[in-house]
Amino acid sequence: MEVFGYIGVAVGNCKGAAGFHGLRPFKIVEDRALLSLLKTGRPGYFVPSPSTVLRDLKVVFARSRNRIAKLLQEYEGDLHFASDEWSTPNHRAFMAITVHFVLDGKPMCLLLDFIEVAWVHSGENLASTFTDVLKEFGIAEKMMGITCDNASNNDTMVEELKDLLPGFPGNDYRVRCFAHVLNLVVKSLIKHFDVRETSDPATAEGDARELLELAREMESEELTTQAERAAGEDEDDELDDADDEVDGMAELTDEQRVEFEHDVLPVKLTMAKLRKLAFKIVHSTTKLLPAWKELLGELGQPVVLIPRDVRTRWNSTFEMLDSCLKHQKALTQLCSDKSNGLRSFEVSEREWEIAKQLCNMLKVFKDATSFFSKQTPNLASVIPAMDHIDAHLTTASLDEQAYDSALRVSAGLAQRTLNKYYSLTDDSTTYRIAMMLHPRHKLLYFKKMKWKEEWISNAREILRTEYEKRYANCLPRAKQTHPGSDESGEEASSLVEEKNDINIFEALEHEDVADDEVSDELTRYLSTDPERVKDALEWWNDRRASFPNLSRMALDYLSIPATSVDPERMFSRGRLALPHTRNRLSPQSTRALMCVGNWSIAGFIRQSDARKAAQLEEVEGGSDDSDFEMEDGWDKIDVSSLQ
């Protein structure tokens, strides 16, 4: 087995040579089945101890960290970051920081650090931790943008970073996670349909009484569903700061609120029935669940469960409604059978129509969440997405033929939340600059959306000012080498030799007219029509020769992440690395495990580093994941050691 294999087996499935990302316990190297496999026919085959594997992993972490620091220090453009915080199942608090840049024309995202923050997560403490990480990597002066969610402590953090990092302009380059904005907008739309047991059903009449009857035990069912989903999935529930949300109801008159409370009862009743059905089917394992599976088989439909709606989960309401509508016939038949005891949950034709309307209204948010979560879209995608959602909500709030009265009002309330965060994009120039530097948009998008000429001129002036201030006279640098490669400095030296072989006077004969003698790069770029471009980063990377300065600016702005999904994705992996049965892994080991796993997948781990670690002496010790700690200073960054 290769040197990489020892660590790879300890932490999971191998991917090529660098197999650090499977998140297996280190003591897997003591597993009898694995040892039998390794030693069959080779009884003397050496397998390191769990402590040795853990030590080797940390050695690889330290060496790779130095190499990544060197890459980032020498990177020719600015760097962008995203951050978020998470509490692990073993009750430790971590901050994940990802760094975003462009390498060979492709967007690159790396986990910069996964560091314990064992004190209050105030904005000041988060800013201090963030600053320490950047200074340790030697890249504090290269910071351009930061993406984080809308929590109030992040507002404070950004303000503190402005003071701690000279050159960082604060809110002007703060990006609010658009996935989080989507979540807030959806919540402001559907929170009015929640059903809670607030009074005795006997005191109410009609739909209100039926609703209160259904509300019994719904709170406990909600908590049960949350716990089950948390235990069975690798995602964390999103709990929003109360300051993030917009109270649209406060803007309604007393008369409008009374009318809305009356009109919303059918929607609440519909949602309560469907939530109850989804919960009861899955929890009646000896009666309703077998009957449900049998019924789906008779109808020729795949056997699936109805997704349960959870308040803290993005788009779970849409997923439940969409599934219920697809299985409308099966649910109707299940409820109509008296022996199932579900007659009180039968959904009327009007209620099915309400479910369909709400599902249609939520579809745009499902699509947006999928788009902004499956990849890391650039910042130029945000404003068009906001405009599209705004138009959708406007139509929904006005269309009396397509939507029920309560749904129309809720759409208007959600629009108020969207407008709050749309207006906050004006606080940051990054959105408008990224839009204009996207070859598909330039200035045309603003004109198509009928922005005032004054706004368009102002946006263009912002772009011009930033270009002339920071990019008009910048000099292109040599191309970076991927740190995962075992190449040394041969490429750089060959460039020098090639340059020395060129006769200066022959070069003068072929020298092009300077760009500024024709027109400056920004003017030339904006003077041409927009193009149908799928990959803006690749487009600019291919045109570095034509736009040496403007391309650098475009690559900087178009690599700013629109969401903080990447740090959150680290937490999803962290839940796999730290289940409740592996709760003694130390912060030091957790940090190395998470970082090396991410760097391995990205191809930033060298096999030579693992060989270097394997040359160290065997570490004696038990199989406890936390029993080997490195000495102070083990992870200190010193890029000179790579020379």
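Predicted model, so just to flag it, every value in this text is computed and none were measured.
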Going by distance alone, is a donor N or O of one side chain under 3.5 Å from an acceptor N or O of the other, for T523 and R464?
yes
Please lay out, stage by stage, how F94 and F571 fare under the test ring pair (Phe, Tyr, Trp, His ring centres under 6.0 Å).
CA-CA 9 Å; F94 284 88; F571 303 150; 8.8 Å; no
Is there a side-chain contact between L522 and R524, using heavy atoms and a 4.5 Å cut-off?
no
Spell out, as yes or no, whether a donor-acceptor pair under 3.5 Å connects the side chain of Y75 to the backbone of V102.
yes
Main-chain N/O of M361 paired to H392 side chain as donor or acceptor, under 3.5 Å:
yes
Minimum heavy-atom distance between C109 and T98, given as atom pair plus value
SG-CB, 4.0 Å
Please round to the nearest 0.5 Å and tell me the distance separating atom CG of L79 and atom CD of Q73.
10.5 Å
Answer yes or no: is there a side-chain heavy-atom contact under 4.5 Å between I146 and V175?
no
Closest non-hydrogen atoms of N541 and G105, given as atom of the first, atom of the second and distance, are CG-CA, 3.5 Å
Polar side-chain atom of S423 near backbone of K420 as donor-acceptor pair, under 3.5 Å
yes
Tested for side-chain hydrogen bond (donor to acceptor under 3.5 Å, both in side chains) against R174, the lone hit among D427, D155, N154 is D155
So, D556 and Y471: side-chain donor and acceptor under 3.5 Å apart, yes or no?
yes
In Å and rounded to the nearest 0.5 Å, what is the CZ to OG1 distance from R432 to T425?
7.0 Å
Just checking F604 against W599, ring centres under 6.0 Å apart?
no
The test is side-chain contact (heavy atoms from CB on, under 4.5 Å); show your working for R65 and E136 and say whether it passes.
CA-CA 11 Å; R65 193 165 182 256; E136 193 172 2; 3.3 Å; yes
Looking at side-chain heavy atoms only, is the closest gap between H438 and P530 below 4.5 Å?
no
Minimum heavy-atom distance between K142 and G77, given as atom pair plus value
NZ-O, 3.2 Å
Shortest non-hydrogen contact from I389 to A368?
CD1-CB, 4.4 Å
Just wondering, do N549 and Y467 contact through their side chains at under 4.5 Å, heavy atoms?
yes
State whether the side chain of N153 and the backbone N or O of G123 hold a donor-acceptor pair below 3.5 Å, judged by distance alone.
no
Just so I know, are the side chains of F130 and L112 near enough to count as touching, which here means a heavy-atom distance under 4.5 Å?
no
Going by atom types only, do W539 and E531 share a side-chain donor-acceptor pair under 3.5 Å?
yes
Check the pair L393 / F365 against side-chain contact (heavy atoms from CB on, under 4.5 Å), numbers first and verdict last.
CA-CA 11 Å; L393 291 175; F365 297 103; 4.0 Å; yes
Given side chains that start at C-beta, do those of I560 and N378 come closer than 4.5 Å, heavy atoms only?
no
Would you confirm whether R440, through its side chain, and V533, through its main-chain N or O, come within 3.5 Å as a donor-acceptor pair?
yes
Looking at D149 and H180, would you say the former's side chain and the latter's main chain have a donor-acceptor pair under 3.5 Å?
no
Is it the case that K191 and S410 place a side-chain donor and acceptor less than 3.5 Å from each other?
no
Flag for D367-S370: side-chain donor and acceptor within less than 3.5 Å:
no
For the pair E521 (side chain) and L550 (backbone), establish whether a donor and an acceptor sit closer than 3.5 Å, ignoring hydrogens and angles.
yes
Side chain of R569, backbone of S373: donor and acceptor closer than 3.5 Å?
yes
Any side-chain donor paired with an acceptor under 3.5 Å for N315 and T369?
yes
Taking atom types as modelled and ignoring hydrogens, do the side chains of T394 and Q415 form a donor-acceptor contact shorter than 3.5 angstrom?
yes
Please examine the side chains of V120 and N125, heavy atoms only from C-beta on, and report whether any two atoms are closer than 4.5 Å.
yes
Is it true that atom CZ of R460 has more than 12 heavy atoms of other residues, nucleotides or ligands lying nearer than 6.0 Å?
no
Test: E76 and R544 ion pair at under 4.0 Å
yes
If you measure from CZ on R606 to OG on S64, what distance do you get to the nearest 0.5 Å?
9.0 Å
Stepwise side-chain contact (heavy atoms from CB on, under 4.5 Å) check, L444 with K448
CA-CA 6 Å; L444 181 62; K448 282 172 56 180; 3.9 Å; yes
State whether a side-chain donor-acceptor pair under 3.5 Å links H80 with T147.
no
Decide side-chain contact (heavy atoms from CB on, under 4.5 Å) for I190 and L362; before the verdict, give the C-alpha distance in whole Å, the side-chain angles of both, and the deciding distance to 0.1 Å.
CA-CA 9 Å; I190 63 176; L362 294 175; 3.9 Å; yes
K135 and D132: salt bridge (charged side-chain N to carboxylate O under 4.0 Å, His left out), yes or no, with the steps?
CA-CA 5 Å; K135 288 183 176 179; D132 289 344; over 6 Å; no
Where W86 and T88 come nearest, the two heavy atoms and their spacing
CZ3-CG2, 3.3 Å
Report the distance from atom CG of L126 to atom NE2 of H121, rounding to the nearest 0.5 Å.
6.0 Å
Residue pair Y431 / Y422, side-chain donor-acceptor N/O under 3.5 Å:
no
Charged N to carboxylate O below 4.0 Å: is that the case for D322 and K366?
no
Just do the salt bridge (charged side-chain N to carboxylate O under 4.0 Å, His left out) check on K106 and D535 with the steps written out, would you?
CA-CA 9 Å; K106 299 296 180 183; D535 190 334; 3.7 Å; yes
If I take atom OG from residue S381 and atom NE2 from residue H441, how far apart are they, to the nearest 0.5 angstrom?
6.5 Å
Sequence neighbours excluded, every pair satisfying side chain to side chain donor-acceptor pair (under 3.5 Å) that has a member inside residues 158-169:
E159-N171
Side chain proximity check, S559 to H100, heavy atoms < 4.5 angstrom
no
Find the distance between CD (E466) and CE (M436) and round it off to the nearest 0.5 Å.
10.5 Å
Looking just at side-chain N and O atoms, do Y445 and D387 make a donor-acceptor pair shorter than 3.5 Å?
yes
Would you say S128's side chain and E124's backbone share a donor-acceptor pair under 3.5 angstrom?
no
Would you say the rings of Y525 and W540 are close, in the sense that their centroids are separated by under 6.0 Å?
yes
What are the two closest non-hydrogen atoms of V158 and C148, and how far apart are they?
CG2-SG, 4.4 Å
Taking the six-membered ring for Trp, are the ring centroids of F178 and Y421 within less than 6.0 Å of each other?
no
Looking only at atom types and distance, does a side-chain atom of N66 sit under 3.5 Å from a main-chain N or O of D638, one as donor and one as acceptor?
yes
D113 and R591: CA distance, side-chain angles, deciding distance, salt bridge (charged side-chain N to carboxylate O under 4.0 Å, His left out) verdict
CA-CA 7 Å; D113 216 333; R591 180 190 184 202; 2.8 Å; yes
